[in-house]
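Working notes, structure below.
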Amino acid sequence: MNRISSNGKLRASFVNTIMVLLLVVAMSAAAAAQDFASKADEYINAYVKQNRFSGSVLVARGGKILLSKGYGMANYELDVANSPQTKFRLGSITKQFTATAIMQLQEKGLLSVDDPITKYFPDYKNAEGVTIHNLLSHTSGIFNYTNDKAYLQNMRQNYPPEKIFATFKDRPLDFKPGEKWNYSNSGYVLLGMIIEKVSGMPYEKYLTENIFKPLGMSNTGYDHTETVLKNRASGYNSNGSERVNAEFLDMSQPFSAGALYSTVEDLYKWDRSLYTEKLLKKTSLEKMFTPVKNNYGYGWAIIEQNGHKLVGHGGGINGFATQINRYINDDACVIVLSNTIPSPVGKIATDLGAILFGDKYELPKERVAIKLDTKILDSYVGQYEIAPEFVLTVTREGDRLFGAPTGQEKAELFAESETEFFLKVVDARISFVKNEKGEVTQLILHQGGRNMAGKKIK
């Protein structure tokens with residue numbers, strides 16, 4: 001009797017010890033989550049106070065949401081605040097959904113990523129040798145239609161896919177397919193057209209039936225300007241002190257390269273699904289997340305960030321800037337959606353990742369422009385080739401420096417130091433590089449978490 005009683009007491013003591021340990025672990029995890037949320041909120045609000053961010057943010061790890069919050073206004077004219085339920089235009093985050101649709105159709109045996117695109121566009125003679133794989137990975141050499149000067153002039157017009165196709169169909173390839181990498185919205189428009197040809201469904205309907213509905217993404221879809229859409233954010237441009245409505249864009253133009261809208265909550269559902277085989281088999285997902293060139297797979301960029309594997313993508317479209325970063329080996333996700341440009345969504349997402357993992361980060365500081373001698377400014381004047389068909393032309397007007405990308409309007413470059421400049425119209429920085437003789441040989445464009453070198457060619 002005493003022996004049984006003694007054993008019972010031991011078991012009870014053991015159970016109590018385990019319960020205490022579990023309680024300590026739970027309290028520790030709760031404290032860590034609260035600490036992260038506090039630091040993240042402090043960081044984001046620093047940008048809000050500088051009028052450099054307005055939007056919604058979600059951060060999660062291990063299947064638990066650590067932060068889900070809106071900042072600034074979804075509509076400044078009506079004083080409607082942003083929230084986790086606010087719908088934002090996604091821009092190029094759309095591409096990962098287009099890529100997923102292509103991989104689904106391949107799994108169904110309806111196409112192959114190795115198919116030449118002339119199979120679907122037999123009259124597209126200039127695309128000889130281009131495959132679906134090249135379109136997905138931006139290695140096709142097809143001219144990017146949004147780099148055309150006419151694009152900015154025609155943004156208000158309705159351009160169905162066939163009309164977009166006509167704007168670049170007769171252009172020769174920029175390079176031999178697979179030889180180089182160059183970001184091309186044109187390639188993703190063609191992918192959308194292939195989805196429609198193969199599935200027999202409009203692009204919008206295919207995504208709704210095969211991706212959004214299965215995942216319960218009821219707040220995601222193709223953005224039509226004329227539709228009355230509850231919780232839709234308005235898009236704005238800002239120069240820091242003044243905010244204006246973004247220029248109108250007919251949403252037929254971005255099509256399968258950038259026309260979707262969503263919320264941070266729906267994109268988190270999307271993130272969770274990519275750890276499963278609900279939409280795609282593991283082999284297809286691995287293919288999407290495998291770099292082809294320039295750290296780019298199929299609709300995703302794949303890089304290392306402070307020892308963490310990052311699979312992510314950004315987006316930019318009139319009045320909106322977006323970023324989704326998935327740390328797939330850590331089961332962590334950072335989603336940043338903004339309805340004001342410029343907005344440093346790439347840096348915000350990167351730094352939130354650093355806060356999450358205990359890495360170094362700095363609170364954002366107000367940028368202060370300085371004046372430079374015109375002789376120094378003159379040394380930067382010239383043309384810098386960042387990619388085929390993408391040249392940044394730098395000019396001086398009085399004591400001010402300007403940069404004009406191919407097919408886009410010029411924007412002022414503000415000096416932070418003798419070689420470092422920043423822009424106000426977009427979230428970007430430019431570093432000028434000199435050789436041992438003090439001659440300017442190249443510049444580096446820092447934008448969207450990427451550092452793109454441009455050789456001085458003129």
side-chain contact (heavy atoms from CB on, under 4.5 Å) assessment of Asp223 paired with Leu260: CA-CA 6 Å; Asp223 196 9; Leu260 299 183; over 6 Å; no

SB check Lys458 Glu385 (cutoff 4.0 Å): no

His313-Ser92 side chain donor-acceptor pair, cut-off 3.5 Å: no

Close aromatic pair by centroid cut-off 6.0 Å: Tyr236 and Tyr76: yes

CD-CG distance between Gln106 and Asp115, expressed to the nearest 0.5 angstrom: 8.5 Å

Gap separating the CE atom of Met217 from the NZ atom of Lys269, nearest 0.5 angstrom: 8.0 Å

Side chain to side chain, Asn147 and Tyr151, heavy atoms closer than 4.5 Å: no

pair Lys434-Tyr380: side-chain heavy atoms closer than 4.5 Å: yes

Residue pair Thr227 / Arg232: nearest heavy atoms and the distance that separates them: O-NH1, 3.1 Å

Stepwise side-chain hydrogen bond (donor to acceptor under 3.5 Å, both in side chains) check, Thr118 with Glu128: CA-CA 7 Å; Thr118 49; Glu128 195 71 39; 5.1 Å; no

SB check Asp250 Arg156 (cutoff 4.0 Å): no

Test log, rule side-chain contact (heavy atoms from CB on, under 4.5 Å), inputs Tyr206 and Glu196: CA-CA 8 Å; Tyr206 181 89; Glu196 293 190 333; over 6 Å; no

Heavy-atom check, side chain of Gln104 versus side chain of Leu279, under 4.5 Å: yes

Nearest heavy-atom neighbours spanning Asn75 and Glu77: OD1-N, 2.9 Å

No-hydrogen, no-angle side-chain donor-acceptor test under 3.5 Å, Asn82 and Ser54: yes

Shortest non-hydrogen contact between Gly403 and Leu392, atoms and distance: C-CD1, 4.0 Å

Euclidean distance, Leu443 CG relative to Leu413 CG, rounded to 0.5 Å: 9.0 Å

Shortest non-hydrogen contact between Pro84 and Val264, atoms and distance: O-CG2, 3.6 Å

Ionic contact status for Asp331 with Arg272, cut-off 4.0 Å: yes

Trace of the side-chain contact (heavy atoms from CB on, under 4.5 Å) decision for Leu191 with Ile132: CA-CA 7 Å; Leu191 289 171; Ile132 291 177; 3.8 Å; yes

Euclidean distance, Asn154 CG relative to Lys149 NZ, rounded to 0.5 Å: 14.0 Å

Residue pair Lys410, Glu397: steps toward the salt bridge (Lys or Arg N to Asp or Glu O under 4.0 Å) verdict: CA-CA 12 Å; Lys410 67 181 180 182; Glu397 297 180 16; 2.3 Å; yes

Salt bridge flag under 4.0 Å for residues Glu412 and Arg400: yes

Electrostatic pair Lys87:Asp266 at N-O distance under 4.0 angstrom: no

Minimum heavy-atom distance between Thr86 and Ala233, given as atom pair plus value: CG2-CB, 3.6 Å

Test item: Asn126 side-chain N/O and Arg171 main-chain N/O as donor-acceptor pair under 3.5 Å: yes

Modelled atom types, side-chain donor and acceptor of Gln85 and Ser83, under 3.5 Å: yes

Aromatic plane relationship, Phe357 with Tyr327 - under 30° parallel, 30 to 60° tilted, over 60° perpendicular: perpendicular

Lys/Arg cation over aromatic Tyr120: Lys197, 6.0 Å, 45° cone: no

Mutual orientation of the aromatic rings belonging to Tyr47 and Tyr43 [parallel < 30°, tilted 30-60°, perpendicular > 60°]: perpendicular

Sidechain N-carboxylate O distance under 4.0 Å for Glu209, Lys213: yes

Residues His138, Tyr188; criterion side-chain hydrogen bond (donor to acceptor under 3.5 Å, both in side chains); working and verdict: CA-CA 9 Å; His138 296 300; Tyr188 271 78; 4.9 Å; no

Near-ring test Phe422/Phe414, centroid separation under 6.0 angstrom: yes

Mutual orientation of the aromatic rings belonging to Phe255 and Tyr222 [parallel < 30°, tilted 30-60°, perpendicular > 60°]: tilted

Donor + acceptor pair across side chains of Ser338, Thr340 (<3.5 Å): no

Donor-acceptor contact present, side-chain Ser184 to main-chain Ile142, <3.5 Å: yes

Gap separating the OH atom of Tyr296 from the CD1 atom of Ile302, nearest 0.5 angstrom: 8.5 Å

Spacing of CG belonging to Leu423 relative to CZ belonging to Phe402, to within rounding of 0.5 Å: 11.0 Å

Asp148 side chain vs Tyr145 backbone, donor-acceptor pair below 3.5 Å: no

Aromatic contact, Phe432 with Phe421 (centres under 6.0 Å): yes

Residues Lys95 and Tyr183: side-chain donor-acceptor under 3.5 angstrom: yes

Heavy-atom closest pair, residues Gln96 and Trp270: OE1-NE1, 2.7 Å

Test item: Trp300 side-chain N/O and Pro291 main-chain N/O as donor-acceptor pair under 3.5 Å: no

Backbone N/O of Met73 and side chain of Asn339: donor-acceptor pair under 3.5 Å: yes

Aromatic centroids of Phe121 and Phe165 separated by under 6.0 Å: yes

